[in-house]
J.: 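Have a look at the structure that comes next, please.
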Amino acid sequence: MNSLYDLAKHPAKDTVRMMTLLLEKVIHANDLIQATHTERRKSITHTNSSTCFHARSIPSISIHAYLTRILKYCPCANECFLAVLVYFDRMSKPNSARAGLRIDSFNIHRLLISGVMVASKLYSDVFFTNTRYAKVGGLPVSELNVLEVEFLTINDFSLFVTLEELQDYGDQLLSLWTKEHLEQGILSDDELTAPIRRRARNLSIDKHADEHDRILV
């Protein structure tokens, strides 16, 4: 079965669930690398903490809960979430100017709120103020402003993602989700043939959300 991810009609909340599955795998692998190389642990910690995305401690809110919160209070389209994954891949690759950024439990939340904010400004017809993103993300707006600049800098201010890239990342997410759940016997093939196959050309924005409660990351 080779179902295509539908950019326009796939529910954003399901995209968040699939995105969580992928990110948790990446973070688990990177956390293990740090934990199993004890003789290098100090230098690795220093490398990650040298970026402004690195928190002093791991936030208590889960990745899924954090993404769901962002979707609820700062709604955005699937394209924004997929673009964030593209940015993460670019940031993780080393170049002549910098080492690749290791995405782990200490920096994922700040990377997510920064990435969604940046992607929304580029791909959404409607986006919110930095103050709102900061409140939803559990950060002071002054800190989020710094994170935004750093996010842009690490990406060399090159934020354009083609429709083909977005579709490819969406297809990979759906494939991973399908594979995981078929292996666990949670879903059948028939249940996974439902996603509509038409590809998107335009973005859609959900209605403005209610007021939010406070969290800290």
J.: Please report the shortest heavy-atom distance between Cys76 and Ala12, naming the atom on each side.
T.: O-CB, 4.4 Å
J.: Looking at CZ of Arg102 and CD1 of Ile27, how far apart are the two atoms once the value is rounded to the nearest 0.5 Å?
T.: 13.0 Å
J.: Say you draw a straight line from OG1 of Thr162 to CD of Gln167; how long is it, rounded to the nearest 0.5 Å?
T.: 10.5 Å
J.: Could you report the tightest heavy-atom contact between Leu144 and Ala134, atom names first, then the distance?
T.: CD2-N, 3.4 Å
J.: So does Gly170 get a backbone contact from the side chain of His10, meaning a donor-acceptor N/O pair under 3.5 Å?
T.: no
J.: Evaluate the criterion side-chain contact (heavy atoms from CB on, under 4.5 Å) for residue pair Cys80 and Phe127; output intermediate values, then yes/no.
T.: CA-CA 11 Å; Cys80 295; Phe127 56 87; over 6 Å; no
J.: Among Leu111, Leu22, Leu101, exactly one meets side-chain contact (heavy atoms from CB on, under 4.5 Å) together with Phe88. Which residue is that?
T.: Leu111
J.: Under 3.5 Å, side-chain donor or acceptor atoms of residues 149-160 against the rest of the protein: list the pairs with distances, not counting sequence neighbours.
T.:
from: Thr153; atom 1: OG1; to: Val149; atom 2: O; distance (Å): 2.8
from: Asn155; atom 1: ND2; to: Phe151; atom 2: O; distance (Å): 3.0

J.: Without hydrogens or angle criteria, can the side chains of Tyr5 and Thr15 be said to hold a donor-acceptor pair below 3.5 Å?
T.: yes
J.: For Arg69 and Ile61, indicate whether the former's side chain and the latter's backbone hold a donor-acceptor pair under 3.5 Å.
T.: no
J.: Does a side chain donor of either Asn130 or Lys121 reach within less than 3.5 Å of an acceptor in the other side chain?
T.: yes
J.: Quick one: side chain to side chain contact (heavy atoms under 4.5 Å, CB included) partners of Ala29, sequence neighbours excluded?
T.: none
J.: With sequence neighbours left out, which residue pairs that include part of residues 14-30 fulfil the salt bridge (Lys or Arg N to Asp or Glu O under 4.0 Å) condition?
T.: Asp14-Arg17, Lys25-Glu180
J.: Between Leu85 and Leu23, is there a side-chain heavy-atom distance shorter than 4.5 Å?
T.: yes
J.: Using ring pair (Phe, Tyr, Trp, His ring centres under 6.0 Å) as the criterion, list what pairs up with Phe81, not counting sequence neighbours.
T.: none
J.: For Asp31, is there any backbone N or O sitting under 3.5 Å from a side-chain donor or acceptor partner on Asp104?
T.: no
J.: With rounding to the nearest 0.5 angstrom, report the CG to CG distance, Leu67 to Leu112.
T.: 5.0 Å
J.: Taking all heavy atoms of Val118 and all of Glu148, pick out the closest pair and write down the distance.
T.: CG2-CG, 4.0 Å
J.: Going by heavy atoms in the side chains, are Leu82 and Leu173 under 4.5 Å from each other?
T.: yes
J.: Measure the spacing between CZ of Arg132 and SG of Cys74 and express it to the nearest 0.5 Å.
T.: 5.0 Å
J.: Taking the side chain from Ser175 and the backbone from Asp171, do they hold a donor-acceptor pair closer than 3.5 Å?
T.: no
J.: Quick check with a 6.0 Å cut-off and a 45 degree axis cone: is Arg90 positioned over the face of Tyr87's six-membered ring?
T.: no
J.: Connecting only ILVMFWY residues whose side-chain heavy atoms lie within less than 4.5 Å of each other, what is the rest of Phe106's hydrophobic cluster?
T.: Ile58
J.: For the atom pair CG (Asn107) and OG (Ser114), what is the distance rounded to the nearest 0.5 Å?
T.: 10.5 Å
J.: At what distance, to the nearest 0.5 angstrom, does NE2 of His64 lie from CG of Leu21?
T.: 11.0 Å
J.: Could you list who else is in Val146's hydrophobic cluster, with ILVMFWY side chains joined at under 4.5 Å, directly or through other members?
T.: none
J.: Is the shortest side-chain heavy-atom distance between Leu71 and Lys13 below 4.5 Å?
T.: yes
J.: Mark yes or no for whether Tyr66, through its side chain, and Ile108, through its backbone, hold a donor-acceptor pair below 3.5 Å.
T.: no
J.: Taking Val141 as the starting point, is it possible to reach Ile113 by hopping between hydrophobic residues whose side chains are less than 4.5 Å apart?
T.: no
J.: Test your reading of the model: is there a side-chain donor-acceptor pair from Asn78 to the backbone of Leu7, 3.5 Å cut-off?
T.: yes
